[in-house]
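Index from 1, following the sequence.
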Amino acid sequence: MSSSTQDPIHYHRSDDGIVTLTFDAPGERVNTLTDAMRECLEQRIEQLAAQKESIAGVILTSAKETFFAGGNLKRLYDIRPEDAQRFFNTTEQTKRALRRLETLGCPVVAALGGTALGGGFEIALACHHRIALDRPKVQFGLPEATLGLMPGAGGVVRMTRLLGLVAAQPYLQDSRLVSPAQALKAGLIHELASTPEDLTAKARAWIAANPAGSALASQPWDRPGFAPPGGGNDAPAVKRWISTAAAQVRAKTRGLYPAPEAIVCASVEGMQVDFDTASRVETRYFTQLATGQVAKNIIGTFWFQAGEIKSGAQRPAGVPKGEIKTLAVLGAGMMGKGIAYAAALRGIEVWVKDATRAQAEGARAHAEQLLAKRIEKGEIDAAKSAQILARIYPAERYEELAHVDMVVEAVPENPALKADVIRALEPLLRDTAIWASNTSTLPITGLARSSARPGRFIGTHFFSPVHRMQLVEVIKGEQTASDTLAHALDFVMQLGKTPIVVNDSRGFFTSRVFSTFTREGVAMVGEGQDAASVEAAALFAGFPVGTLAVLDEVSLSLSFNNRLETLKAYAAEGRPLPPHGADDVMRRMLDEFGRKGRAAGGGFYDYPKDGAKTLWPGLAEHFFKPGAQIPQQDKIDRLLFCMAIESVRILEEGVLDNARDGNIGSVLGIGFPRWTGGVFQFLNQYGLARAVERADYLARHYGERFAPPELLKQKAAKGERF
């Protein structure tokens with residue numbers, strides 16, 4: 001007995017009475033919980049319920065490489081507050097169907113032939129037995145919190161009952177994803193299978209061994225005497241966790257990310273009531289998040305806009321895809337070592353050159369240290385580590401690099417030095433080789449003047465530490481050819497990183513915008529604001545670290561030297577920059593007080609050997625003015641708006657081609673708060689008309705740098721968005 005091949009779930013009943021439901025969304029690469037899939041699932045479960053007396057058991061499986069990719073994010077993104085009741089009702093209807101599945105009275109098995117995430121894993125949790133195909137890269141889990149959401153198809157209710165209230169939290173709040181072996185160890189699945197045939201055979205065997213009416217043909221929470229692992233909410237250890245959970249979550253989210261708080265509430269409240277009531281509690285919190293703005297911000301940028309980048313939206317059309325097999329890295333400093341490791345990790349053969357062979361060998365030593373940590377965590381084995389290390393070769397002579405597909409020059413930010421290495425190596429390279437300069441501020445067109453092949457010259461701004469930071473800013477020079485850009489983007493994605501594309505300009509996008517953040521914090525200190533309140537403003541806006549703390553890490557001397565070079569360059573072009581309140585503070589910190597930053601012993605902070613860093617007392621002595629304090633919200637908004645306003649100017653000037661790259665780059669590269677969805681989405685969700693008003697207020701009170709650009713005013717007047 002079978003169903004139509006056009007149905008997203010195929011129904012097949014074999015002669016032994018076992019029904020197999022196969023997820024297979026027509027024309028789609030993966031299964032997601034679309035309206036069609038949801039409606040078909042409800043119909044299939046209704047069909048099972050009508051025939052349950054004659055069914056031996058049920059197997060849920062997939063015709064795709066993955067089992068189920070989760071909820072349909074387009075549907076979730078489109079939900080608005082006025083749709084809340086309808087969304088709540090639809091969600092409850094689907095959950096009732098899953099509840100009916102797990103209470104059929106006959107055994108139900110999830111045969112997981114591939115990855116099951118989010119709603120897909122929630123469907124698997126509604127089965128009595130879960131068997132997974134043990135394959136590399138297969139993952140299970142509930143990643144909803146990373147998108148500003150929470151599990152809404154029973155994931156919170158079932159996970160807390162399956163693992164216990166406390167043990168479930170890393171999978172719910174932190175979106176921990178696990179491999180089949182890890183899932184087995186954690187108790188999320190029950191068996192592993194080695195082949196698809198073995199998977200089917202084990203599913204059928206388990207049904208035969210656990211017929212209708214047997215204890216295991218039901219969920220643990222539906223059996224008499226059930227108690228969750230770790231005990232209920234009144235168990236001593238659980239009570240201790242509950243007493244601090246809300247405060248711990250608030251400390252982590254600073255009240256900016258509602259999902260973890262909603263998860264804690266749904267978890268705790270759900271464990272105090274019966275299953276069906278807990279399910280409704282979960283749906284209420286899920287609906288609140290799905291109709292809220294934070295989830296919209298995050299999904300819009302980090303799912304849809306990031307997806308556009310991954311699908312090649314920035315890539316010039318008509319250029320065949322390229323692959324870098326051999327790479328030269330010039331400079332084995334912090335950035336060069338990181339780039340070499342990232343490339344070797346992805347199967348690229350890397351030759352590293354520095355002033356001496358010993359310095360070049362540092363790249364392999366750096367990679368060995370990073371790989372040792374991965375071995376310790378069980379992520380790779382020693383054999384895999386040896387393979388990666390074998391791809392990194394120290395070079396002594398430029399002639400050893402002549403064969404490479406691409407060069408990434410990562411020498412210090414000195415135009416003369418960069419020009420020297422270009423002239424020394426470029427004549428030896430093949431005509432097709434790409435030259436990429438890793439620079440954070442120096443205009444690529446200027447550097448390319450030392451090249452005989454400016455069409456093959458491009459900028460690639462990596463971020464530190466390279467092995468952790470996902471962003472690479474790809475900078476087009478005035479003469480950069482379209483195929484050079486296309487293949488540079490291919491290279492970045494080959495490394496597993498996210499590229500954004502910018503047109504040439506001093507500071508590009510990320511460095512230029514980031515400098516407004518650090519300078520604004522310093523300017524507030526110069527105005528007499530309490531330094532601790534400035535740092536708190538950054539944290540409560542959602543930045544990962546305070547503005548003064550990050551400047552100490554970057555180095556005050558380096559930052560101020562970059563500022564002086566920028567002032568000189570703009571003056572030479574006949575467009576001098578206006579003075580900034582940070583400049584005098586930086587001069588005093590460096591020249592009067594000798595405070596150059598953390599590496600030099602201290603800057604805005606002191607760094608005792610035996611304790612945590614503390615703000616330098618001299619800030620209070622030399623800068624603090626008790627009567628000059630401004631509202632804390634003004635401090636928060638100054639930090640957010642200075643970056644957003646500068647981003648609009650950059651878009652207006654044509655340095656950025658679109659808002660998408662600004663959103664992605666601002667969060668992944670320079671720490672703009674993720675809850676906003678990025679600099680342009682921050683303005684969108686604030687409301688462009690309101691943003692113009694707020695920018696005008698900030699400009700009147702704190703300086704013309706906050707004046708809203710024409711582009712912002714025009715879009716606000718037309719009711720448009722970025």
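Residue pairs meeting the salt bridge (Lys or Arg N to Asp or Glu O under 4.0 Å) criterion with at least one member in residues 537-557, sequence neighbours excluded: E553-R598.
Remark: side-chain polar atoms of R595 are not paired, donor with acceptor, to backbone N or O of E592 under 3.5 angstrom. A donor-acceptor distance shorter than 3.5 angstrom exists from the side chain of K497 to the backbone of V466, with no hydrogens or angles considered. Between the side chain of N72 and the backbone N or O of L33 there is no donor-acceptor pair closer than 3.5 Å. Using a distance-only test at 3.5 Å, with no hydrogens or angles considered, a donor-acceptor pair links the side chain of S666 to the main chain of V679. The closest donor-acceptor contact from the side chain of T484 to the backbone of G455 lies under 3.5 Å. Distance alone, capped at 3.5 Å, places no donor-acceptor pair between the K613 side chain and the G602 backbone. Remark: side-chain polar atoms of R674 are not paired, donor with acceptor, to backbone N or O of G678 under 3.5 angstrom. Counting only distance, with no hydrogens or angles, the side chain of Y257 and the backbone of G148 share no donor-acceptor pair below 3.5 Å. When atom types are taken as modelled, the side chain of Q629 and the backbone of G528 share a donor-acceptor pair closer than 3.5 angstrom. Under the 3.5 Å distance criterion, the side-chain polar atoms of N684 are matched with a main-chain donor or acceptor of F722.
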Start with the C-alpha distance between V648 and K715, add both sets of side-chain angles, then the distance that settles side chain to side chain contact (heavy atoms under 4.5 Å, CB included), and finish with yes or no.
CA-CA 11 Å; V648 176; K715 283 188 171 290; over 6 Å; no

Would you please test E646 and R649 for salt bridge (Lys or Arg N to Asp or Glu O under 4.0 Å) and show each step?
CA-CA 5 Å; E646 187 70 8; R649 291 195 189 100; 2.9 Å; yes

Residues F286, F87; criterion ring pair (Phe, Tyr, Trp, His ring centres under 6.0 Å); working and verdict
CA-CA 10 Å; F286 178 55; F87 181 76; 5.4 Å; yes

Before you tell me yes or no, could you show the steps for F593 and H622 under ring pair (Phe, Tyr, Trp, His ring centres under 6.0 Å), namely the whole-Å CA-CA distance, both residues' side-chain angles and the distance that decides it to 0.1 Å?
CA-CA 10 Å; F593 307 125; H622 300 292; 4.4 Å; yes

Show the numbers, then the answer: is there a side chain to side chain contact (heavy atoms under 4.5 Å, CB included) between V472 and T498?
CA-CA 6 Å; V472 178; T498 301; over 6 Å; no

Test ring pair (Phe, Tyr, Trp, His ring centres under 6.0 Å) applied to Y697 and H701, step by step
CA-CA 6 Å; Y697 166 87; H701 289 81; 4.2 Å; yes

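Between the CZ atom of R86 and the OG1 atom of T287 there is a distance of 11.0 Å, given to the nearest 0.5 Å. If you take NZ on K635 and CG on D530, they are separated by 6.5 Å, rounding to the nearest 0.5 Å. In this structure, CG on L147 lies 8.0 Å from OG on S175, to the nearest 0.5 angstrom. To the nearest 0.5 Å, the span separating SG on C642 from CG on D637 amounts to 10.5 Å. Interatomic distance, CD1 of I263 versus CG of L289, reported as 7.5 Å (0.5 Å rounding). Note: L656 CG to N503 CG = 8.0 Å, rounded to the nearest 0.5 Å.
Defined by atom type and a distance below 3.5 Å, a donor-acceptor pair is present between the side-chain atoms of D504 and T445. No hydrogens or angles considered: a donor-acceptor pair under 3.5 Å links the side chains of N663 and Q305. Between the side chains of E413 and S440, at least one donor N or O lies within less than 3.5 Å of an accepting N or O. In the model, E473 has a side-chain atom that pairs as donor or acceptor with a side-chain atom of T510 under 3.5 Å. No donor-acceptor contact under 3.5 angstrom links the side chains of N561 and E565, judged on distance only. A donor-acceptor contact closer than 3.5 angstrom is absent between the side chains of D490 and Q494. Looking at S437 and E409, their side chains do bring a donor and an acceptor atom within 3.5 Å of each other. Counting only N and O atoms by type, the side chains of D634 and Y702 include a donor and acceptor under 3.5 Å apart. With 3.5 Å as the limit, one finds a donor-acceptor pair spanning the side chains of S557 and S555.
Contact check for S647 versus R512: no side-chain heavy atoms found under the 4.5 Å cut-off. In this structure, F604 and V522 have side chains that are in contact, with non-hydrogen atoms separated by less than 4.5 Å. Counting only heavy atoms from C-beta outward, the side chains of T441 and F508 never approach each other to under 4.5 Å. Residues M493 and P499 meet the side-chain proximity criterion, which asks for heavy atoms closer than 4.5 Å. At least one side-chain heavy atom of E535 sits less than 4.5 Å from a side-chain heavy atom of Y605. In this structure, the side chains of R660 and N658 come closer than 4.5 Å at one or more pairs of heavy atoms. Contact annotation: the side chain of I299 approaches that of L149 to within less than 4.5 Å [non-hydrogen atoms, C-beta and beyond]. Side-chain contact between I500 and V474: absent, with no pair of heavy atoms (C-beta onward) separated by less than 4.5 Å.
One finds no salt bridge joining R690 and E693 here, because no Lys/Arg side-chain nitrogen approaches an Asp/Glu carboxylate oxygen to under 4.0 Å. Taking the charged nitrogens against the carboxylate oxygens, R80 and E82 have no contact shorter than 4.0 Å, which rules out a salt bridge. Residues D696 and R700 are not paired through a salt bridge, judged by the lack of any N-O separation under 4.0 Å between the basic side chain and the carboxylate. Salt bridge status for D591 with K596: absent, with no side-chain N to carboxylate O gap under 4.0 Å.
Residue A523 comes nearest to R638 through the heavy atom pair CB-NH2, 4.5 Å, listed as atom of the first residue, atom of the second, then distance. Residues G152 and T91 share a closest heavy-atom pair of O-CG2, 3.4 Å. Minimum interatomic distance between V692 and A716 (heavy atoms only, all atoms of both residues): CG2-CB, 3.9 Å. Closest heavy-atom contact between E144 and G118: OE2-CA, 3.1 Å. The heavy-atom pair separating I458 from A488 by the smallest distance is CD1-CB, 3.8 Å. Across all non-hydrogen atoms, the minimal contact from Q633 to R694 is O-NH2, 3.9 Å.
Every residue two or more places apart in sequence or in another chain that forms a side chain to side chain contact (heavy atoms under 4.5 Å, CB included) with F540 is listed here: R254, A536, I636.
Around NZ of K310, the count of heavy atoms belonging to other residues, nucleotides or ligands within 6.0 Å does not exceed 12. Atom CD of E478 is surrounded by 12 or fewer heavy atoms from other residues, nucleotides or ligands within 6.0 Å.
In this structure, R587 is not positioned above the aromatic face of F560 in the sense of NZ or CZ being under 6.0 Å from the six-membered ring centre and within 45° of the axis. Both tests pass for R588 against the ring of F623: distance under 6.0 Å to the centre and angle within 45° of the axis.
Ring geometry for F457 against W435 counts as parallel: the plane angle stays under 30°, on a 0 to 90° scale with 60° as the upper cut. Aromatic ring pairs are classed by plane angle as parallel below 30°, tilted from 30° to 60° and perpendicular above 60°; the pair Y686 and F641 is perpendicular.
Across E520, E527, Q529, a single residue satisfies side-chain contact (heavy atoms from CB on, under 4.5 Å) together with V534, and that is Q529.
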